[in-house]
Amino acid sequence: MINNMLKLCCKKVIFALIFIIGNISLYGCFDSREVDELAYVMAMGVDKGKVSDIKVTFQLAVPAKVGSGEGENGGGGGGSESTTITSVEAPTIYSALEMINSYISKQISLAHAKAIVFSEEIAREDLTRYIYAVSRGREFRPDIQVIVSMNKAEDFIKNVKPKFEINPAKYYEMLLNSYSYTGVLSKSPIIDFFVDAKSIGRDPVAVLAALNMQSSEDKSPQQVEQQDMQEQSGKTPQKEGKNEAENAGQSKEQEKTNEKNKFKEEIGKIKDKKMRDKLYERDFYAGILPRDYEDKSEVLGLAVFKSGKMAGFLDGEETIAYNMIKGLYNYAYMTFKDPEEKDKYFVLNVKKSRKPAKKVKIEDGMPNIDVKLELEADILSIQSGKNYEDPKKLHLIEDAATKEIKTFIERFLDKTSEQLNADICGFGEIMKARCLTMKQWEEIDWQNIYKNSKFNVDVKIKIRRPGLLIKSVNG
Amino acid sequence: MNNKTINIGIFENICMLVALTSTQTYLGMPRMIAEASGSAGWMLILYLLAISLLLFFIIQWLYKGNEGLDIVDISEKLGGMPVKLITLILFEAVVFMGSSLTLRQFAEDMKIISLNISPISYVTLFFVAGALVACLLGIEAISRASALIVPVIFTGFIILIISVIGRGNILNLAPIFGIGPKKLFLESLPRISIFSGYIIILITAPYVRTHENFRKIGLYGLAASGFIMFVSVVTYTLVIPYPVSTQYFLPSFQLARMINYGRFFQRLESIFVFTWASSAILYLSVLIYIGLHLFAKTFGLKYFKPLVFSFCTIIFTLSLLPENLPSAVHIESSIFRNYLFIITFIYVILLFSLTKVFRNLPSQQKKRGAKND
C-alpha cells in the first residue's frame, strides 16, 4: 500500500518536474531579444569604400522620437529627427553590421529595413554579390526595396528629411508606393530583383534616386561660412580656421554653380531628346526635377540592369511605359499638346482599362513583339477652351493622346532593346512559354537576340468622363 | 499489444497518412521537385500520384484475403521468421533514416527561422520529446491527435496558398515539359518515394478491419496527399520561377515571408511555424510508432513502451550525425528519397505477390499450431 503510494508520488513529482523544466525551457531564453534592446535599421546604403571595400550607411530609428512624435520643430514637425545615421567601412554588409555594434549599444536588427540604397558606382560594377547576401539573410524582408542613387548612397540617406512623416518606416513605404498613383516610379522589391537577375527571360530594375540639383537650403555665403566654422571649431587655430572657412564657403559656391550648370545641361539634353521646348511632368528623372524644397532627396525613374550590372536608367515617361507594359500601371495625370492650338495643353487622367496583351514570336532569328495597350481617360483640363467633350470632336484629343503615348512607348522599347539590351518587360518569359523544354528555350539565346527585336505597338485610349464640366463654351 | 480493443477510423487513418506524406511540403519537397522537373513540377506530381495510385491499387488487390493482417503477419505467413526479419530490417531502415533526417531538418529549420542561437541538440530534443510522449500514449492517441491536428495544418496550408497566390505568374510554369520529358518521366520515377507514407496502413491494417476500409484509406489518403503536394508545388513555381526555385532551402517559409497585404498583414510566417512544428511532431510520432510496432511484433514482445526511450535516443543520436544541414539535405534528397520506393513499393508488392501465389501453402502459423497440437 505504502509502496504504491510512493510510486504514485514519484510519478507525480517526475511529471511536475518535466512540466516545469519544459515550460521554462520553452520560454526561449537562448534566443530572446527584447524590443528595447534592438536598434532598427530603416534604410541601408552601400557605397565604394576607401579603407575597405564598401562603405555601409545605416539609417536607424530612434524609437523614443518616433513614439513621442518629436520632430525638428517639436510637436511632430518632421521625421528626420526620428532617425540617426551612421556609416562604417567594411568588406561586406554583414561585417559592417558586426562593426557597428562596437559603438552602438543596441543590437542591430534589419527586420524593419524598408530600403537598400546602392550608389550608381556600385550598381554599375555588379550588384548581384550584395543581392545574394541580402537574399540569404533571414532578417532582410523579401519586400525591401532596391534603390540606386545617382549620388553617393550615404549622401542620399543623409538628405532624406521627411516633413510629413514621423515614422521613418512609413515614410519609405508611402514614398515607394507612390508608383500606384503616379506611374513615374515602379516597385522593385529585392525578391523580384533577385528572381529577375537569375532569369534568362527578363532583367531587373531598381528605383532611381538622387539629390535634387536645384533644390538647396538657401543659405547666404555668410551662413555657409558660419556653419563651416562651427564644424571646424576646436580643431584649428582661429585665424587659420577663418581662412579655411572662407575656402570652404567658396568651394560650396563653386559646387552650387557646377550643379546649376549641370542641371541646365541635362535639361537641354532632355529637350533635344523629346523634341519639346517646354518639358512635361513625366520628362524628368531623379535629380533634375525643377523644384524647390528643403528635402533634397527624390525618387523618380528606374535603373535598368543587365547581368547584374546597371546598364542605364529610365526617366519618368519611360517608367510610365514600363509600368504600362508590365501591367503595373494604375493611373496618372498626363499632359498633351492641344491638337488645334499648339501652344496650349490638355490634361487627362489616364487609367489602365485592360491588362496589356503581349505576343512574341521569332521570325528569321529575330524577335517580333506585339504589344497592345487599352487605356481609358478622364478629362482634367482643356486650356484652349475648345469643346472637345463633344462626341464628334472627342476623337481629336483621343487621337492626340494615343499618338503621344504610342510614340513614347516605342521610344522606350527601342531604348531597352537597342541601347540597353535589357528585357526588363519580360518578353522573354512569353517566348519561353512557346518552348516545350528548357533546352529549347536556352537554344533560343534570348539574352543575345533581344537587341534585334521589332516592336508593333497598338495603343487604344477611350475618354470616358469629362469631369464636372460636360462641355466647354467659348465666350 | 492488444489489437482487439483498438479501433482506428478511416478518417484518423487518412489523417495519419496525410501527416506522413505532406510533411515534406514544409521541408524541401517543392524545391526537390523543382530540381527534378524544372518548371514542370505540377506535371511530375500528377504523374507520380497516378503511378502511386496504380501501385497502391495493385497492393490492395494483392492484400485481398489477408484482412486483419499487417505486414509482419503477412511476412510470417509467407516465410516465417526469416521473412519477418527481412521486413523488419528494411522497414526499420526506413524508419530510422526517415525520422532522423526529418528530425534534423525540422530542427535546423527552427534554428534558421527563429531559434538561431539555441544549440541544435536543444531544439532537436523538443521534437523528440513530443514524439516520445505520443508514442508512449500509443497508436490510438496518435491517430486521434492526427484527426485533430491535420485539419488545422491543412487550414493553415490553404491560408498560406490563398495569401501568396496573387503574386504568382502563370508564365513561370513554362516551358511546359520543364527540363525535358525523358528526365521528367523516366529519371524522376524514383521520386515516387514521396508517396511512401501510405505504409502506415500496412501497420494499422488489423485495426481497420475490412478490405474495403483498407482500400479507401489508401486511395483517399494518397489522393489528399497528392492534392496538397500539387497545390504547394504549383504555388511555389508560380511565385518563384525556375531556376531560383531550386535555391530556397525552405520553400513554404519563403512563400509565407512574401505575404504582404498593407502595413498590418505582413510578417505572418511566425503563425505558420506553429503548424509546421505540429506537423513535424506528428510525422515523427507516426514514423517512430511504425518502427516500434514492427520491432515488438516481429519479436513477439508483449509491451513496446520500454522500447520508446531507446528508439527515441537512437533517432536523436542519428539525427546529429550529418555534419551539417546541406549533408542532411543531400542524404535525404539524393540517397534516401531515391531508393525508398524499392522498400515501400517494390518490396511490398513482391511480398504480397508471393503471398498471393503461395496462398494455398499452409502458413507458418498453422504449421506451428499443428506442431503444438
Side-chain angles (χ1 to χ4, degrees), chain A residues 15 18 21-22 25-26 28-33 111-112 114 132 135-144 167 169-170 173-174 177 187 189-202 326-327 358 360 426-444, chain B residues 37-40 109-120 122-123 125-126 129-130 132-133 164 167 169-184 239-250 253-263 266-267 269-270 277:
Chain A
F15 180 76
I18 292 172
I21 294 167
S25 311
L26 283 170
C29 299
F30 273 117
D31 297 270
S32 67
R33 289 204 299 176
H112 291 274
K114 296 288 169 196
Y132 266 50
S135 301
R136 195 184 291 272
R138 181 180 69 100
E139 279 200 346
F140 287 102
R141 304 295 306 172
D143 46 11
I144 182 171
N167 183 343
K170 198 175 176 186
E173 270 180 23
M174 292 181 76
N177 274 333
K187 60 175 183 174
I190 199 148
I191 179 87
D192 289 357
F193 192 99
F194 181 56
V195 166
D196 292 351
K198 294 288 290 177
S199 168
I200 48 172
R202 56 191 164 198
K326 279 279 270 192
K358 293 169 268 182
V360 183
F427 294 116
E429 294 296 314
I430 301 166
M431 189 61 224
K432 191 172 81 172
R434 295 173 76 100
C435 301
L436 288 176
T437 63
M438 284 303 288
K439 201 181 167 194
Q440 266 184 24
W441 165 232
E442 281 161 10
E443 279 167 1
I444 287 177
Chain B
S37 63
S39 51
D109 285 2
M110 288 298 151
K111 255 186 86 67
I112 291 172
I113 294 169
S114 50
L115 307 170
N116 54 339
I117 303 168
S118 303
I120 183 71
Y122 173 80
V123 182
L125 213 56
F126 282 107
L132 186 140
V133 172
V164 293
R167 296 185 70 127
N169 179 358
I170 194 82
L171 293 173
N172 291 346
L173 296 179
I176 197 142
F177 287 110
I179 53 172
K182 192 189 162 198
K183 280 186 179 171
L184 198 63
V239 177
I240 301 174
Y242 181 80
V244 181
S245 56
T246 60
Q247 285 191 288
Y248 286 112
F249 164 55
L250 289 168
F253 179 66
Q254 191 58 36
L255 291 181
R257 267 162 65 85
M258 291 168 78
I259 299 172
N260 188 342
Y261 290 99
R263 300 196 71 224
Q266 48 179 276
R267 298 160 201 272
E269 64 267 23
S270 34

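Because the structure is predicted, anything quoted here is derived from the model rather than measured. Just so it is clear: chains get the letters A, B, ... in the order the sequence lines come, proteins before strands, and each one is counted from 1.
When B/Arg167, B/Gln254, B/Glu269 are compared by the number of non-hydrogen pairs under 4.5 Å with chain A, B/Glu269 comes out ahead. With respect to chain A, the highest number of heavy-atom pairs below 4.5 Å among B/Ser245, B/Pro181, B/Gly178 belongs to B/Gly178. Chosen from B/Ala174, B/Ser39, B/Ser114, B/Pro175, the residue pairing most often with chain A at heavy-atom distances under 4.5 Å is B/Pro175.
Judged by distance alone, the side chain of A/Arg138 and the main-chain N or O of B/Ile112 form a donor-acceptor pair under 3.5 Å.
With a threshold of 4.5 angstrom between heavy atoms, A/Ile200 does not approach chain B through any atom at all. For a residue to count as touching a neighbouring chain, one of its non-hydrogen atoms must lie under 4.5 Å from one of that chain's; by this rule B/Asn260 touches chain A with the side chain only. No part of B/Leu125 comes within reach of chain A, as not one of its non-hydrogen atoms sits under 4.5 angstrom from that chain. For A/Ile191, the part lying near chain B is the side chain, with the backbone staying farther off; criterion is any non-hydrogen pair under 4.5 Å. If you measure heavy-atom distances from B/Phe249 to chain A, you find no contacts under 4.5 Å at all. Heavy atoms of A/Asp192 lying under 4.5 Å from chain B belong exclusively to its side chain.
In summary, the side chains of A/Glu442 and A/Thr437 do not present any donor paired with an acceptor at a separation below 3.5 Å, with no hydrogens or angles considered. For the residue pair B/Tyr122/B/Lys111, the side-chain donor-acceptor check at 3.5 Å is not satisfied.
Counting heavy atoms from C-beta on, the side chains of B/Ile240 and B/Tyr248 come closer than 4.5 Å.
No more than 12 heavy atoms of other residues, nucleotides or ligands shown are found within 6.0 angstrom of CZ on A/Arg136. Heavy-atom contacts from other residues, nucleotides or ligands closer than 6.0 Å to NZ of A/Lys114 number more than 12.
Remark: A/Glu173 does not engage A/Lys170 in a salt bridge, criterion side-chain N to carboxylate O under 4.0 Å.
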